Enquirer: 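Below: one structure in structure tokens.
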Amino acid sequence: LVGGRIEVAVGGREPARLRPRVLINAAGFGAPALWPAGDEDSRPAIRLVRGHYLDHAGPAPIRRLVYPLPEQEGLGIHATIDLAGRLRFGPDTLEVERIAYDLPEGLAARFARSIRRYYPGLDESKLVGGYAGVRTKAVMPNGGMPDFRILGPEDHGREGVVHLIGIESPGLTAALSIAEEVARQLAL
């Protein structure tokens, strides 16, 4: 804050200092780095979690979504059907130090053990390479790990500022609800 107003320094070829009326920090992986100077004690940390998906080759033997009981770090390896009717399994959860999208060796065997809990007839040879994604997990200064955090003036005392931290899947499936909450916190 400069003179009671938010000030943002922007770098690049044409550095500038901006004084917006509102600031919404929705920088994904980089959101904690944009936390205001002087508030380091309240800044959440981000853990990177890679999730892998495997496709099922051939006709889909499962015709409905299957969500097993959640695991410690996620929802468990579930079964989803894409718009073309193809079956996909995932994601698993693997904490990583860097962003990478490779599929590790032995993934099919590990997935098969989990999938067989709800689909005992799985033919492991039908599990073929899919893709990987990296999502963030917010770790709050008190050690808590909520699914995600929307931190507004009520949380940090700065009028006109909202931080979106650790938004993963809910950010995609609940984007309009999140936008409504941000607008509410900013009294827009």
Side-chain angles (χ1 to χ4, degrees), residues 1-54 70-75 80 82-83 88 90-104 107 129-188:
L1 289 176
V2 174
R5 296 213 35 210
I6 303 163
E7 184 172 273
V8 180
V10 180
R13 279 186 270 177
E14 297 182 29
R17 291 196 174 279
L18 307 173
R19 290 195 176 166
R21 189 173 58 83
V22 299
L23 175 69
I24 302 167
N25 174 4
F29 296 131
L34 298 177
W35 202 259
D39 282 352
E40 287 79 7
D41 291 343
S42 65
R43 176 178 41 213
I46 290 293
R47 289 178 37 218
L48 298 177
V49 177
R50 187 168 65 215
H52 305 98
Y53 288 84
L54 292 179
E71 297 173 349
Q72 182 178 357
E73 293 286 331
L75 295 177
T80 59
D82 69 14
L83 294 174
R88 176 171 297 127
D92 61 348
T93 55
L94 176 66
E95 188 169 344
V96 295
E97 296 294 320
R98 61 181 180 76
I99 297 171
Y101 301 101
D102 57 303
L103 296 176
L107 197 56
Y131 64 94
V134 178
R135 60 195 187 271
T136 59
K137 289 285 196 185
V139 180
M140 303 310 292
N142 66 4
M145 278 189 2
D147 282 341
F148 60 91
R149 290 300 310 259
I150 301 171
L151 302 169
E154 298 162 5
D155 301 295
H156 53 67
R158 285 195 160 90
E159 288 301 316
V161 179
V162 172
H163 298 280
L164 304 175
I165 305 290
I167 305 235
E168 48 176 298
S169 180
L172 302 176
T173 56
L176 293 177
S177 295
I178 290 171
E180 288 172 354
E181 176 60 18
V182 169
R184 184 195 70 76
Q185 289 196 22
L186 294 172
L188 298 176

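One is the number of the first residue; the rest follow in order along the sequence. Here the structure is a predicted model, which means the values were calculated and not measured.
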Enquirer: List, one per line, each side-chain donor-acceptor pair under 3.5 Å for residues 177-188, sequence neighbours excluded.
Expert:
| unit_1 | atom_1 | unit_2 | atom_2 | d |
| --- | --- | --- | --- | --- |
| E181 | OE1 | R184 | NE | 3.0 |
| E181 | OE2 | R184 | NE | 3.4 |
| E181 | OE2 | R184 | NH2 | 2.7 |
| E181 | OE2 | Q185 | NE2 | 2.8 |
| Q185 | OE1 | G152 | N | 2.9 |

Enquirer: side-chain contact (heavy atoms from CB on, under 4.5 Å) between D155 and H163: does it pass, once the steps are laid out?
Expert: CA-CA 10 Å; D155 301 295; H163 298 280; over 6 Å; no

Enquirer: If every non-hydrogen atom of R50 is compared with every non-hydrogen atom of R135, which pair is closest and at what distance?
Expert: C-NH1, 4.1 Å

Enquirer: Return the minimal non-hydrogen interatomic distance between E159 and I6, and the atom names on each side.
Expert: O-CD1, 3.9 Å

Enquirer: Looking only at heavy atoms, which two atoms of L54 and G130 are closest? And how far apart?
Expert: CD2-N, 4.0 Å

Enquirer: Roughly how far apart are I150 CD1 and N25 CG, rounded to 0.5 Å?
Expert: 12.5 Å

Enquirer: Can you tell which of T93, D102, D92 makes a side chain to side chain contact (heavy atoms under 4.5 Å, CB included) with H52?
Expert: D92

Enquirer: Could you report the tightest heavy-atom contact between Y53 and L103, atom names first, then the distance?
Expert: O-CD2, 4.4 Å

Enquirer: Report the residues that fulfil ring-ring contact (aromatic ring centres under 6.0 Å, His included) with F29, sequence neighbours left out, ordered by chain and then residue number.
Expert: none

Enquirer: Answer yes or no: is there a side-chain heavy-atom contact under 4.5 Å between L48 and T136?
Expert: yes

Enquirer: I need the minimum non-hydrogen distance between I165 and A31, along with the two atoms involved.
Expert: CD1-CB, 3.7 Å

Enquirer: Indicate the atoms forming the closest heavy-atom contact of G51 with P91, along with that distance.
Expert: CA-CB, 3.9 Å

